[in-house]
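Below is the structure I would like to discuss, written out as structure tokens.
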Amino acid sequence: MRFSSFAAGAFGALPFVAMARTAAATLYRVPSLPGAERMMSDVKQATYFEAATLLTVIPAAALLFGRIVPAALEKRGVPFGRAHFPSIGFGTSVLFWRSGLSPGAAVCLGLIVSAVILAGPILRGSHIAVLAGLLLLFLGGLALYYRPANRLDLFEDGQILFGASALSNGARPYLDVYPVHGWGADGGWVTLFSRGARNSLENFRLLRAVATALAVACLGAAAWLFFADGAWAMAGLVASLCFCPFLSERHMPALLALAVLIAAARSPSLGPWLWAGVFSAMTLFSTLDFGVIFLLGGTAAPLALKILAGDPARKALGRTIGFGTGALLGAAPFLFLLARRGALEEFFRVSCVEIPSSITATWGVPAVSLTKLLRETSLVETYGLLLGSRDSRGLLTLLLVLASSAFVLLLRSRERVFDPSDRAATVCLLAAILGLRGVLGRADFGHRMMYGVLAGLPAAWLLYRISRVRAPRIRLAAGVLAAAGSCLLLRPDRVVTWQIQSLGNAAALRRTEERGAALVPGHEPSRLPREQVLELEELRSVLDAGILPDRTFFDFGNEPGLYFLLRRKPPTRYSSVPCYETQEKQLEVIQALERERPPIAIIASGRNDAFDGVSNRDRAPLVARYLDEHYRTIGRVGSRTLAALIARGERTRSSRTHTASR
């Protein structure tokens, strides 16, 4: 233990070597006269400073953290083993430094880790420490996700801005604008928080960063409520980030609902179940898919908990009624607003009928066929397919965690030792299993991250349960096996490094983006990369020359953000082509085009015409045929192909000429 403390102190002080080089570079500039130093853009004094630091500061740090600090702690009654833990905590400085943080920040963070380890027994039961940790998570998330000058994704970001633009101009949700991901996620929240600000791009980005940072804090709160222990809560947070390294604003209401549902599962009272229903219903109107997951999971959770705990099923009725009552209370304001706008019936039709039957199928990317895999491939081939690619390996890990969690829960139920962490694991497992529909329905990395985050806490709970096994030999063997499997499959070291590097580089990345950015005309003081601004202004000049201010254009290139940026009203309620793939919706779009008669149509974007391998013309052949018959190509603006509306008389003459030639 003493050797480990000496080594940790020495390694933790290594960032001081970089500080010494920085100090030398500040004091001694590279010579302007010809010579080796000028050729190498370095100074020999930097080497002197580094050597002096290596021979003095590093041994001093090893002595301080290896002997002096532990001896002082032992005199104050700290046990021998715990007295050496702060020294090991300081050793993390070198890991932070090598992950991309500056030397000073790395040393400060190492000292903080050391202090937290030292104050662990005090902080473990301190609510102030928990709140401080959640605040740090929020601030770290805000620093990581707020990028006010990065490039705008006209498809992904554009779906939100499309809804915000329409709703802020009086459009009715589900009737005049078609939210696919949920009313709030597809523009509702941006509209609510940007009133009076003309829906500025800057407000959208700030709101998105704040919501995503809150999602990080909500995940930390869920982990704390799950384990009620700081160390295991950190393990749960890291495990969740292994499944989803970077959260999104759509996670915020879902993770808040998860935290409240975990609190309800651990509590003996009925009140938390009421609040769990409230937040689950609010999630439904914000992020539709997660809302369905938590409403179904919350409804089934009381019965599942009673069955696993060996209690009579009828005792679950009170909690189920409480959850349902909360769901009605949470849904009431949203249902009232929809009814007031005459959109209540359309909300139920779109959310409960159209999206499951058509939108889900349109966006679907099926996972590998397990039947074919098990029946037609050899063991070696199966191993290669499952572990040969990142997507297959990630899906296998997710399924393995859920299956293992279910098995251990059944064992705990059989032993009649169902404790609060087991109850929390039950509700998390229900949510994660329901989330598999999203993982398997669109089997790509992004959607596995989106819903796979729900499996992080069950994964950490498996390690927690192993650490509580009474038989020492079984605990040691199972612990080594589980730890090795976690490190190989989840790669927490890589995930933590990514997070630290991203956080350490966030400020520099923002400065770089801001230097290369320009003001967006009509959206000041918002900024975008200069090349994107020039591209948009070229498109704006062409559209303004061919379209009167009160008219609009039609986008057939899956770039709905153009309507927001160019301040033109969308001619249809659909943000992109995949939303109107069915024949009925294509005919609706054609009717809207006949009614609005946009003078110009963007018939191809050159970027998102086939974002998942299926071209827009194949997705919506009726609309493509209408554009071919009623518009003629007039040229290209950047990567986009533009077409102008053919006058009715000209179109009639062209049709007669075509008939005569036949």
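When a residue number appears, it is its place in the shown sequence, counting from 1.
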Quick one: does any side-chain atom of His251 pair with a main-chain N or O of Met450 as donor and acceptor, under 3.5 Å?
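Here the side-chain-to-backbone pair exists.
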Under 3.5 Å: donor-acceptor pair, side chain of Ser575, backbone of Phe162
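Side chain of Ser575 to backbone of Phe162, a donor-acceptor pair under 3.5 Å: no, none is there.
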Taking the side chain from Asp555 and the backbone from Ala601, do they hold a donor-acceptor pair closer than 3.5 Å?
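Checked: no pair found.
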I'd like to know whether CD of Glu514 has more than 12 heavy-atom contacts from other residues, nucleotides or ligands below 6.0 angstrom.
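Atom CD in Glu514 is crowded, with more than 12 foreign heavy atoms closer than 6.0 Å.
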Under 3.5 Å, is there a donor-acceptor pair between the Tyr574 and Glu588 side chains?
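Result is yes, a qualifying pair exists.
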Is it the case that the ring center of Phe554 lies less than 6.0 angstrom away from the ring center of Tyr631?
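Ring centres of Phe554 and Tyr631 not closer than 6.0 Å.
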Using the side-chain hydrogen bond (donor to acceptor under 3.5 Å, both in side chains) criterion, which residues pair with Arg617? Sequence neighbours excluded.
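side-chain hydrogen bond (donor to acceptor under 3.5 Å, both in side chains) list for Arg617, sorted by chain: Asp628.
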If you measure only the distance, is there a donor-acceptor pair under 3.5 Å linking the side chains of Tyr626 and Glu594?
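Short answer, yes.
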What residues, two or more places apart in sequence or in another chain, satisfy salt bridge (Lys or Arg N to Asp or Glu O under 4.0 Å) together with Arg491?
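Counting only residues at least two positions away or on another chain, Arg491 forms a salt bridge (Lys or Arg N to Asp or Glu O under 4.0 Å) with Asp493.
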Residues Arg208, Asp157: salt bridge by 4.0 Å N-O rule
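Yes, this pair counts.
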Are any side-chain N or O atoms of Asn616 and backbone N or O atoms of Phe556, one a donor and one an acceptor, separated by less than 3.5 Å?
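Yes, Asn616 side chain to Phe556 backbone: donor-acceptor pair under 3.5 Å.
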Over 60° means perpendicular and under 30° means parallel, so classify the ring planes of Phe193 and Trp189, tilted if in between.
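If you compare the ring of Trp189 with that of Phe193, the planes turn out tilted.
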Under 3.5 Å, is there a donor-acceptor pair between the side chain of Asp544 and the main chain of Ser541?
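Checked: no pair found.
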Can you list the residues that meet the side-chain hydrogen bond (donor to acceptor under 3.5 Å, both in side chains) rule with Asp153, with sequence neighbours excluded?
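Per chain and number, Asp153 pairs via side-chain hydrogen bond (donor to acceptor under 3.5 Å, both in side chains) with no residue.
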Thr283 side chain vs Phe290 backbone, donor-acceptor pair below 3.5 Å
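No, the answer is negative, given that no donor and acceptor are paired below the 3.5 Å cut-off.
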Taking atom types as modelled, find out whether Asp289 and Tyr451 have a side-chain donor-acceptor pair closer than 3.5 angstrom.
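Indeed, the side chains of Asp289 and Tyr451 share at least one donor-acceptor pair under 3.5 Å.
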For Glu346, give me all partners under side-chain hydrogen bond (donor to acceptor under 3.5 Å, both in side chains), at least two apart in sequence or on another chain.
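Glu346 satisfies side-chain hydrogen bond (donor to acceptor under 3.5 Å, both in side chains) with Arg349, Arg573 only.
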Going by an N to O cut-off under 4.0 Å, is there a salt bridge joining Glu354 and Lys585?
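Here Glu354 pairs with Lys585 in a salt bridge, since their nearest N and O are under 4.0 Å apart.
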Could you check whether any side-chain N or O of Glu559 sits under 3.5 Å from a backbone N or O of Leu154, counting only pairs where one atom can act as donor and the other as acceptor?
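Absent.
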Give a yes or no on whether the backbone of Arg597 and the side-chain of Arg551 come within a donor-acceptor separation of less than 3.5 Å.
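Yes, the answer is positive, given that a donor and an acceptor are paired below the 3.5 Å cut-off.
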Could you pull out all residues at least two apart from Glu537 that satisfy side-chain hydrogen bond (donor to acceptor under 3.5 Å, both in side chains)?
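Listed in chain order: Arg540.
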Any luck finding a side-chain donor-acceptor pair between Thr287 and Arg250 under 3.5 Å?
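Thr287 vs Arg250: no donor-acceptor pair found between side chains.
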List the residues meeting side chain to side chain contact (heavy atoms under 4.5 Å, CB included) with Gln591, not counting sequence neighbours, and say none if there are none.
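In terms of side chain to side chain contact (heavy atoms under 4.5 Å, CB included), with neighbours along the sequence ignored, Gln591 is linked to no residue.
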Examine distances only and state if a side-chain atom of Arg510 and a backbone atom of Arg147 form a donor-acceptor pair shorter than 3.5 Å.
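Not at all, since once roles are kept as given, no pair shorter than 3.5 Å links the two residues.
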Minimum heavy-atom separation for Arg341 and Gly170, please, with both atom names.
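Smallest heavy-atom distance, with atoms named: NH2-O, 2.9 Å.
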Between the side chains of Arg607 and Glu535, is the shortest nitrogen-to-carboxylate-oxygen separation below 4.0 Å, so that they form an ion pair?
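Looking at Glu535 and Arg607, the cut-off is met.
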May I have the step-by-step check of side-chain contact (heavy atoms from CB on, under 4.5 Å) for Ser615 and Asp609, ending in yes or no?
CA-CA 6 Å; Ser615 71; Asp609 300 310; 5.9 Å; no
Is a side-chain N or O of Thr552 found less than 3.5 angstrom from the main chain of Pro570, in a donor-acceptor match?
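Flag not set: sc Thr552 to bb Pro570 has no pair under 3.5 Å.
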I want to know whether Phe347 and Phe334 have ring centres closer than 6.0 Å.
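No, the ring centres sit 6.0 Å or more apart.
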